[in-house]
Every structure is written in C-alpha cells, then in structure tokens.
Amino acid sequence: MKIATYNINGIKARLQTVTDWLAETTPDIVLMQEIKSLDETFPREHFEDLGYQVETHGQKGFNGVAILSRVPLEDVSRGLPGDNDDPQARWIEATVIGKQGALRLCNLYLPNGNPVELDAAGEPVAGGKYAYKLAWMARLKARAAALLETEMPALIAGDYNIIPQAEDAKNPEKWRDDALFLPRSRRAYREIVALGYTDALEASGMPPETFTFWDFQRGAYDKNDGIRIDHVLLSPGAADMLEDAGVDAWARGRAKPSDHVPVWVELDV
DNA sequence: ATGGTAGCACGGCTA
C-alpha cells in the first residue's frame, strides 16, 4: 500500500498539479495539508471520480487537511485532542484495513510558529504563534503516546514544520532563529520520535540533501536551498511493514508547483 | 532592515 503526504498549498490553485501527480504515481492514500478550503468548497467529486474516498477537515482561507483513499476509511476523527477550543484545522485521522490488518493514519499540519516571540526570560510569549506551536506539539506528543498504547500500528505524517537536524537544511545557519529549527522546537520533535517512532525516510536510507520544501522566494529551488520538514513517523508495528520510502522532489520543478513535494512510503499493510 | 513569491479572496493575513 502506497501512502503519500503532500502539502499542496491550496487545492483550488493546485487541482491540475495534484491530478497529474496522482496519475503518475498512483498512491493508494494521500494525506494532504494546507487545502485552504472549507469542506463544502473542496473539489470532492473530482477526486471521487478518480476513485478516491475523500475525508476533509477544512477551514476558510488557511490550514485544512484531507485524506484521499482508494481503500475504504473507517472511524474518521477530526481535530487533535487536548484543546476543544482550538479553531485551526490541522489534524485528521482514520483507520484503513489492509490484507494483514488495520493501520491508523494520522495527518497533521503542525503550526509554523513564526514569528518567534520570547519574553525577557526567553520564554515564549503567551498567545503568540511560537507558544501555540509548542502547545500544539505537547498535544501531539500526548496523542502519539496514546497511539502506542493501542493494538493498532500507526502512521503519523504530514507537514511537521520541523527541521530535525542541521543536515536537513542546505543552509542551516539561515534557520538558526527560526521556529522550524530552534533548539526548543527540535527538542519537542525529538521527544515525540523518542516515544518509539521511526522516521521512514531515515530508515530507508535517504541520501544527503533530501529536502521536501523550497521557498517560493529568492529562487530557493534553483539553488537547491531546501529543507526537510515533511515527515512520516511510524509506530513499531507500522515500521515492521515498511518496504520503501521516498520523496517526489521532481514535483517541485513542474508547472504550478506547491512549495512542498510529496513524501511517500510503501507499507505491507 | 527590507522585500522577495504565492494562495485565498478581494484586504490582509499566512507562510
């Protein structure tokens, strides 16, 4: 079963790009971020006509996540547990049944966190974007831990907005004070992985300079000034199913590209 | 220090 994550940066502007990519790479399941669309304005029928079940968790203008699946999805749940008052649509999960058994799919769009606002003591300013990012990551850690307590193997994938290591950036010094790379951000990410998750790309032996995002500005793609911020984390049970993983970096060079490219795994589910 | 680009939606925010 081929499962991909793809921050598409706006479904309306990306419909043709995504449709062409689907035809060329034929994933069974796509976890999409930044659909920037309400549920009712998402082009559901377009993807249903291509053979996909469509589950969305949308929001007007910003954020929004969706799952496309050629395999039936069950028990769809919207919103990351831990804050019922969070208005931002950044999390959707569902169960897929394969030949061997079930797999829990979690699709996330982790907050960017910039600009970083710190008080005189160096603590994130309450109500600021960086504080929101860290609070969201604490909720993610709790959910990731809870998933390990269940019987079901789990995949947690999406746009993490985290550069895990200096090697995951062409120019790490540019990101030193950025919310994607601050020690505090990376520590929170490492704590989640350390619960018992496997980075699918790392496990499959990715080459140096494996990036998933190049900014639209300053000709970042032409200079390969990229970062790796889209990740697929696998619980131990899901890691046992891993057959292959990769990045469709070529998608960044196509017409009307997103600033992110797809990351995919092949799992023997 | 600023502005560079893109999307949504039509002003200004988000990244």
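All chains are named by letter (A, B, ...) in the order of the sequence lines, taking the proteins before the strands, and each is independently numbered beginning at 1. Model, not experiment: these values are computed from the prediction.
When the side-chain hydrogen bond (donor to acceptor under 3.5 Å, both in side chains) test is applied to T56(A), the partners found at least two apart in sequence or on another chain are D39(A).
Sequence order on DNA chain B of the closest nucleotides to G113(A) and D215(A) puts D215(A) first from the 5' end. Mapping F216(A) and F213(A) onto DNA chain B by nearest heavy atom places F216(A) at the nucleotide closer to the 5' end.
Residue pairs meeting the ring-ring contact (aromatic ring centres under 6.0 Å, His included) criterion with at least one partner in residues 140-176 of chain A, sequence neighbours excluded, are Y160(A)-Y189(A), Y160(A)-H231(A).
Within the hydrophobic cluster formed by Ile, Leu, Val, Met, Phe, Trp and Tyr side chains joined at under 4.5 Å, directly or through other members, F62(A) stands alone, with no partner residue. Other residues sharing the hydrophobic cluster of L38(A), ordered by chain and number and joined by side-chain separations under 4.5 Å: none, the residue standing alone. Clustering of Ile, Leu, Val, Met, Phe, Trp and Tyr side chains at separations under 4.5 Å places V18(A) together with Y6(A), I8(A), I11(A), L15(A), W21(A), L22(A), V30(A), M32(A), I35(A), F42(A), F47(A), L50(A), Y52(A), V54(A), L68(A), W250(A).
Residue K256(A) has no polar side-chain atom (N or O) positioned under 4.0 Å from OP1 or OP2 of dA6(B).
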Show each protein N/O and nucleotides 9-14 of chain B N/O combination with a separation under 3.5 Å, one pair to a line.
{"from": "dT14(B)", "atom 1": "OP2", "to": "K129(A)", "atom 2": "NZ", "distance (Å)": "2.9"}

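In this structure, W214(A) places its CH2 atom 16 Å from P of dA6(B), rounding to the nearest Å. Per the geometry, CD belonging to Q33(A) stands 14 Å off C1' belonging to dA15(B), to the nearest Å. The CG atom of D259(A) sits 12 Å away from the P atom of dC8(B) (whole-angstrom rounding). In this structure, H260(A) places its NE2 atom 15 Å from P of dA6(B), rounding to the nearest Å. Atom CD1 in I162(A) sits roughly 14 Å away from atom P in dA15(B) (whole-Å rounding). Going from atom CD1 of I8(A) over to atom C1' of dA6(B) covers 14 Å, rounded to whole Å. The nearest whole Å value for the distance from the CG atom in D178(A) to the P atom in dA15(B) is 12 Å. Rounded to whole angstrom, the span from the CG atom of N161(A) across to the C1' atom of dA15(B) amounts to 8 Å.
Comparing the P positions of dA9(B) and dT14(B) gives an interatomic distance of 15 Å, to the nearest angstrom. Between the C1' atoms of dA6(B) and dC10(B), the separation comes to 15 Å (whole Å). Separation of the P atoms belonging to dG11(B) and dA1(B) is 33 Å when rounded to the nearest angstrom.
Using a 4.0 Å heavy-atom cutoff across all strands shown, I11(A) reaches sugar-phosphate atoms only and no base atom.
Side-chain proximity of R14(A) to the nucleotides dA6(B), dC8(B), dT5(B) is greatest for dA6(B).
Counting only heavy atoms from C-beta outward, the side chains of I3(A) and L267(A) approach each other to under 4.5 Å.
Stacking of R176(A) on the aromatic ring of F181(A) is not recorded, the 6.0 Å distance cut-off and the 45° axial limit not both being met.
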